[in-house]
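Keep in mind that this is a model prediction, so the values were computed, not measured. Side chains included, hydrogens not; waters and symmetry mates left out as well; all remaining heavy atoms used.
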Amino acid sequence: VAAQKAFFASASGVHWIDTRQVKLNDPASITPQLIELGKIGDKPRHTGHFSKLGNRVGFVSGTGADAELGILDADPTPPVLTKLSIPIAEGHEPGGLELIKPRRGNPIALLFQEQPGDSKSQLTMIELDPNGDQKWNDLRVGPSYSIGPARMEGHSGHHAIGIDSDQFRC
C-alpha cells in the first residue's frame with residue numbers, strides 16, 4: 001500500500017485499487033484498475049515482487065534483454081509509471097529488488113542478478129533520482145558488483161539484503 005492505493009501483481013500487469021473507496025463487507029466497492037506494462041512478444045509483461053519507498057512502488061518485469069525496472073508514483077490518480085531497461089548479465093535473472101534512501105544522497109534501488117548453479121551473481125545499483133528533483137523520472141543504471149553465488153531452488157535460496165526497517169538508512 002502506498003498513497004492509500006493497494007497494488008497487486010497479475011498476469012497482465014499491475015492492478016491497483018484506491019483503498020479509500022473500499023467499503024467493508026461490500027465487494028462491489030472494489031474496482032481494480034490495470035496498469036499495463038507492455039508486452040514481450042505477444043505476452044503481457046508481469047511482475048511478482050514489489051518494493052516500496054514512501055509513495056513509490058518498484059518492481060522488475062522481464063528477464064535478460066527484456067528486463068525493465070518499473071517505478072510507480074502512487075501520489076497521482078491514476079499512478080504514474082516510469083520504466084528503465086536494465087542490462088542483465090547473460091544467463092542471469094533479476095531478483096531481490098529493494099528501494100532505499102541512503103543517509104546521504106538520492107534514493108537508489110539495489111537489484112540482484114542471479115544465476116542458478118555455482119556461478120557468481122551481481123548486485124546492480126540503480127539511481128532513482130540522479131538530479132535530485134524528487135520526480136524520479138530520470139532513472140539510470142549505476143555500477144554492478146560481483147557477489148557470491150546463490151543456491152537457488154525454486155523460490156528459495158535467492159539473495160536478499162537487510163536494511164533499516166524504515167528503508168531510509170543504509
Side-chain angles (χ1 to χ4, degrees), residues 1-3 5 7-9 13-14 16 35-40 45-76 79-170:
V1 176
K5 296 174 181 83
F7 295 88
F8 306 92
V14 174
W16 66 276
I35 299 170
E36 293 183 1
L37 305 178
K39 292 188 175 193
I40 298 174
R45 285 181 168 273
H46 61 276
T47 188
H49 169 79
F50 295 110
S51 180
K52 178 180 159 306
L53 182 65
N55 285 337
R56 302 240 173 43
V57 178
F59 59 88
V60 177
S61 68
T63 62
D66 295 319
E68 289 182 342
L69 170 69
I71 299 289
L72 290 166
D73 181 352
D75 276 330
V80 175
L81 173 63
T82 301
K83 297 193 294 185
L84 174 69
S85 292
I86 304 292
I88 301 294
E90 177 132 359
H92 288 70
E93 299 174 4
L97 175 72
E98 291 294 339
L99 306 182
I100 301 166
K101 174 63 175 100
R103 290 178 194 216
R104 291 183 192 84
N106 295 324
I108 61 171
L110 297 176
L111 175 69
F112 289 101
Q113 296 187 34
E114 302 170 322
Q115 185 174 28
D118 292 331
S119 299
K120 290 196 178 211
S121 297
Q122 296 181 13
L123 178 66
T124 300
M125 185 183 80
I126 301 153
E127 296 178 77
L128 300 174
D129 189 19
N131 69 7
D133 67 359
Q134 308 297 310
K135 294 182 182 176
W136 290 33
N137 58 6
D138 55 339
L139 311 172
R140 76 176 167 213
V141 178
S144 290
Y145 306 95
S146 291
I147 57 175
R151 190 168 284 209
M152 300 177 346
E153 293 181 24
H155 288 286
S156 66
H158 294 269
H159 285 97
I161 191 165
I163 54 177
D164 187 311
S165 63
D166 66 6
Q167 292 183 290
F168 286 95
R169 300 289 182 260
C170 179

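- The heavy-atom pair separating Arg56 from Gln134 by the smallest distance is NH2-O, 2.8 Å.
- Of all heavy-atom pairs between Pro79 and Ala74, the closest is CB-CA, 4.2 Å.
- Lys52 contributes a side-chain N or O that, together with a main-chain N or O of Gly54, makes up a donor-acceptor pair within less than 3.5 Å.
- Rounded to the nearest 0.5 angstrom, Ile88 CD1 and Thr63 OG1 are separated by 8.5 Å.
- Interatomic distance, CG of Asp138 versus CG of Asp133, reported as 5.5 Å (0.5 Å rounding).
- Atom NZ of Lys83 has more than 12 neighbouring heavy atoms from other residues, nucleotides or ligands inside a 6.0 Å radius.
- Put simply, CD on Gln113 and CD1 on Ile147 are 9.5 Å apart, with the number rounded to the nearest 0.5 Å.
- With sequence neighbours left out, the side-chain hydrogen bond (donor to acceptor under 3.5 Å, both in side chains) criterion links Asn55 to Asp75.
- Within the 4.5 Å cutoff, side-chain heavy atoms of Val141 are placed close to those of Pro87.
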* Please step through side-chain contact (heavy atoms from CB on, under 4.5 Å) for the pair Arg45 and Asp66, ending with a clear verdict. => CA-CA 10 Å; Arg45 285 181 168 273; Asp66 295 319; 3.9 Å; yes
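- Counting heavy atoms from C-beta outward, Val14 and Val57 have side chains that stay 4.5 Å or more apart.
- Residues Phe59 and Leu37 form a side-chain contact, since some pair of their non-hydrogen atoms from C-beta on lies under 4.5 Å apart.
- Here OG of Ser146 is found 5.5 Å from CD of Gln122. Values are rounded to the nearest 0.5 Å.
- Considering only heavy atoms from C-beta on, Pro107 stays 4.5 Å or farther from Leu99 through its side chain.
- Taking 4.5 Å as the limit, every side-chain heavy atom of Leu128 sits out of range of all side-chain heavy atoms of Asn106.
- Residues satisfying the side-chain hydrogen bond (donor to acceptor under 3.5 Å, both in side chains) test with Thr47, not counting sequence neighbours, are none.
- Legend: residues meeting side-chain contact (heavy atoms from CB on, under 4.5 Å) with Glu127, ordered by chain and number and at least two apart, are Met125, Pro130, Arg140.
- Contact of the Asp73 side chain with the Asn137 side chain is not registered, since no non-hydrogen atoms from C-beta on lie closer than 4.5 Å.
- Contact check for Val60 versus His49: no side-chain heavy atoms found under the 4.5 Å cut-off.
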Could you walk me through whether Trp16 and Ile35 pass the side-chain contact (heavy atoms from CB on, under 4.5 Å) check?
CA-CA 8 Å; Trp16 66 276; Ile35 299 170; 3.6 Å; yes
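- A distance of 9.0 Å separates CG of Leu53 from CD1 of Ile71, quoted to the nearest 0.5 Å.
- Looking at heavy atoms from C-beta onward, Leu111 lies in side-chain contact with Ile86 at the 4.5 angstrom threshold.
- Of all non-hydrogen atoms in Ala9 and Gly48, the two that sit nearest each other are CB-CA, 4.1 Å.
- The distance from atom CD1 of Ile126 to atom CG of Leu139, rounded to the nearest 0.5 Å, is 8.5 Å.
- Thr124 and Gly142 get closest at one heavy-atom pair: CG2-O, 4.4 Å.
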